[in-house]
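The structure appears below as structure tokens.
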Protein chains: 2
Amino acid sequence: MDMQAPDVAYLGPSGTYSHQAAHDRFGPDIAYAEQRTITDVFHAVTNRGAVGVVPQENTIFGAVVETYDALSRTDVFVRGAVTLAVQHCLLVKSGTRLEEIETIISHEQALGQCQEFMRAYLPEAQLVRASSTAAAARDVLAGPSSCAAIGSKLCAVLFPGLTVLRQSIQAESANFTRFYIITKEPTAPLPGPPAHEDRTQAALLALAPSPKEASVDITTIITVLQLIVARIDRRPAANGVPFQDMYLLEVKGDMPAVEWRARVEKAIKRAQGSGADARLVGIW
Amino acid sequence: MDMQAPDVAYLGPSGTYSHQAAHDRFGPDIAYAEQRTITDVFHAVTNRGAVGVVPQENTIFGAVVETYDALSRTDVFVRGAVTLAVQHCLLVKSGTRLEEIETIISHEQALGQCQEFMRAYLPEAQLVRASSTAAAARDVLAGPSSCAAIGSKLCAVLFPGLTVLRQSIQAESANFTRFYIITKEPTAPLPGPPAHEDRTQAALLALAPSPKEASVDITTIITVLQLIVARIDRRPAANGVPFQDMYLLEVKGDMPAVEWRARVEKAIKRAQGSGADARLVGIW
């Protein structure tokens with residue numbers, strides 16, 4: 001591997017909110033590599049050492065399960081988080097009017113966030129899922145004028161022929177998406193300017209009752225950590241045992257980085273001692 | 001309200017896995033009322049006292065967020081749970097061959113569960129979300145022969161002209177869906193034969209740090225309950241505060257019903273005393 005700065009892989013194509021969040025964090029002076037799916041972002045990180053930016057959570061729609069499943073099943077490391085304010089637009093080919101729209105294309109989270117708008121103004125429209133908001137915008141450009149996309153204002157700038165028909169169509173004005181920054185190695189250097197937003201320390205842990213100690217309770221595991229828990233998320237363990245779970249815990253602290261790392265590592269050892277499968281998925 | 005047995009509302013139309021789960025629990029001798037969405041099942045329960053059957057979780061795809069959000073925001077009561085083994089089929093109009101399929105229609109959970117099959121055999125097919133697997137089957141009957149649905153084998157029996165092209169196309173063989181039974185009143189009588197499956201006691205609690213006591217940690221709230229926790233699920237609190245969460249905890253016990261109720265009520269009081277907004281969403 002050469003010494004040049006790694007590129008930043010994000011859920012593309014260009015114009016997605018992931019693209020915008022990556023730009024906000026790493027600036028204009030590095031290479032960005034658009035990916036087709038969230039899973040492809042993880043592959044870019046594991047296969048060729050790219051830095052990945054993946055959506056973790058939205059204030060309205062909640063946790064992004066594709067990201068959580070990939071985090072629990074892939075050998076990557078979370079290095080930080082960035083938060084972006086989301087403003088959804090209804091995008092159409094120039095000239096299309098609201099009453100002509102029969103199909104609305106977007107990422108499932110954007111469709112979820114704009115349910116109320118669609119119920120009120122386009123209750124008969126068919127909803128079609130796309131891999132991203134920007135892919136939906138391209139589909140609209142390539143399709144009949146009865147199609148609309150939900151996506152960023154940036155799309156109307158990037159793609160000539162596309163117009164913003166309605167702005168801020170999401171259900172709530174407090175619409176933020178939070179992203180995780182992921183790398184293959186825990187100490188891989190990050191490109192761009194140093195982070196200034198996240199002063200508070202955090203870490204992400206993967207926890208599950210060990211199959212050998214099925215009697216251990218998730219409450220016990222969380223308690224022995226002796227850490228402040230910011231988020232608890234449950235996903236199927238994907239080990240073939242019905243209804244067996246994996247928990248991803250984001251914990252937080254406010255202390256020097258060295259001290260924080262030591263405290264988290266001790267917490268994981270205590271969880272393992274209590275009969276849990278426990279591993280560090282990220283620390284920042 | 002008259003004295004006749006309440007009907008059972010489920011995510012229709014007829015032929016869905018929800019329909020099958022409802023039948024398995026309540027038998028053939030009562031009235032079933034199909035609903036268009038999970039939200040409509042909740043409305044049938046709150047508006048006219050129907051018994052509702054709503055999907056809570058699938059072993060592969062995880063928790064059903066629409067159900068969790070409705071449980072945390074609607075005044076209904078969980079009365080029990082039923083578990084169903086799911087076997088997905090690829091359904092087409094009689095005569096359609098695999099290589100002719102251009103569009104696959106289904107509920108988002110079924111699409112998620114069959115991702116590997118579609119990636120291997122139909123990577124170019126467009127995915128279209130429907131409100132249920134059975135609605136998708138009807139869409140296929142009404143559409144061109146290039147459309148396929150993912151749904152239950154029952155659909156091919158209920159809808160003449162529909163054929164099973166492939167069976168058991170889900171990613172894992174251990175595919176189960178668990179459903180909650182909901183009523184408007186905590187003591188409303190349930191129709192059909194008495195439940196025999198769930199001997200273990202359970203309860204569902206909604207917990208959130210009280211806005212007045214923002215410093216209270218979710219770990220503290222879970223610990224003071226002194227109950228065995230089976231599931232922890234996190235959803236946005238929907239109070240307009242970005243990244244403020246609501247937790248839904250399913251807890252379990254194994255004791256007489258009266259004792260169990262007293263223990264859960266005491267646990268909720270302790271959580272409230274620790275600065276949490278806590279309420280009972282269901283007990284069985």
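Computed from a predicted model, the values in this text were never measured in an experiment.
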If you count every heavy atom of other residues, nucleotides or ligands that lies below 6.0 Å from B:Arg263 atom CZ, does the total exceed 12?
no
May I ask you to check whether over 12 heavy atoms, not counting those of A:Arg279, lie within 6.0 Å of atom CZ?
yes
Sidechain N-carboxylate O distance under 4.0 Å for B:Glu250, A:Arg234:
no
For A:Phe61, is it the side chain, the backbone, both, or neither that has a heavy atom closer than 4.5 Å to a heavy atom of chain B?
backbone
Could you walk me through whether A:Ile222 and B:Ile232 satisfy the side-chain contact (heavy atoms from CB on, under 4.5 Å) test, starting with their C-alpha distance in whole Å, then the side-chain angles of each, then the deciding distance to 0.1 Å, before giving a yes or no?
CA-CA 11 Å; A:Ile222 293 173; B:Ile232 305 175; 3.9 Å; yes
Atom group of B:Ala230 that falls short of 4.5 Å from chain A, counting heavy atoms
backbone
Best-contacting candidate, A:Thr219, A:Leu111, A:Leu127, against chain B by heavy atom pairs under 4.5 angstrom:
A:Thr219
Step by step, would you call B:Gln115 with A:Thr39 a side-chain contact (heavy atoms from CB on, under 4.5 Å)?
CA-CA 13 Å; B:Gln115 272 174 19; A:Thr39 305; over 6 Å; no
Run the ring pair (Phe, Tyr, Trp, His ring centres under 6.0 Å) test against B:Phe243 and tell me which residues pass, sequence neighbours left out.
none
Rounded at 0.5 Å granularity, tell me how far CG in B:Asp69 sits from CD1 in A:Ile60.
11.5 Å
So which part of A:Asn58 gets closer than 4.5 Å to some heavy atom of chain B, the side chain, the backbone, both or neither?
backbone
With a cut-off of 6.0 Å (strictly less than), are more than 12 heavy atoms of other residues, nucleotides or ligands near OH of A:Tyr121?
no
Looking at B:Arg73, I'd like to know if its CZ atom is crowded, meaning that more than 12 non-hydrogen atoms belonging to other residues, nucleotides or ligands lie closer than 6.0 Å.
yes
Check each atom of A:Gln126 against the heavy atoms of chain B and say whether the ones under 4.5 Å are side chain, backbone, both or neither.
side chain
Of all of B:Asp245, B:Asp233, B:Thr220, B:Leu227, which one pairs up most often with chain A through heavy atoms under 4.5 Å apart?
B:Asp233
Heavy-atom distances under 4.5 Å only: say whether A:Arg235 touches chain B with side chain, backbone, both or neither.
side chain
B:Ile218 CD1 to A:Leu249 CG distance, which is reported to the nearest 0.5 Å:
10.5 Å
What part of A:Ala130 is in contact with chain B, defined as an atom under 4.5 angstrom from a non-hydrogen atom: side chain, backbone, both or neither?
neither
Name the region of A:Val65, side chain, backbone, both or neither, that has any atom closer than 4.5 Å to a heavy atom of chain B.
neither
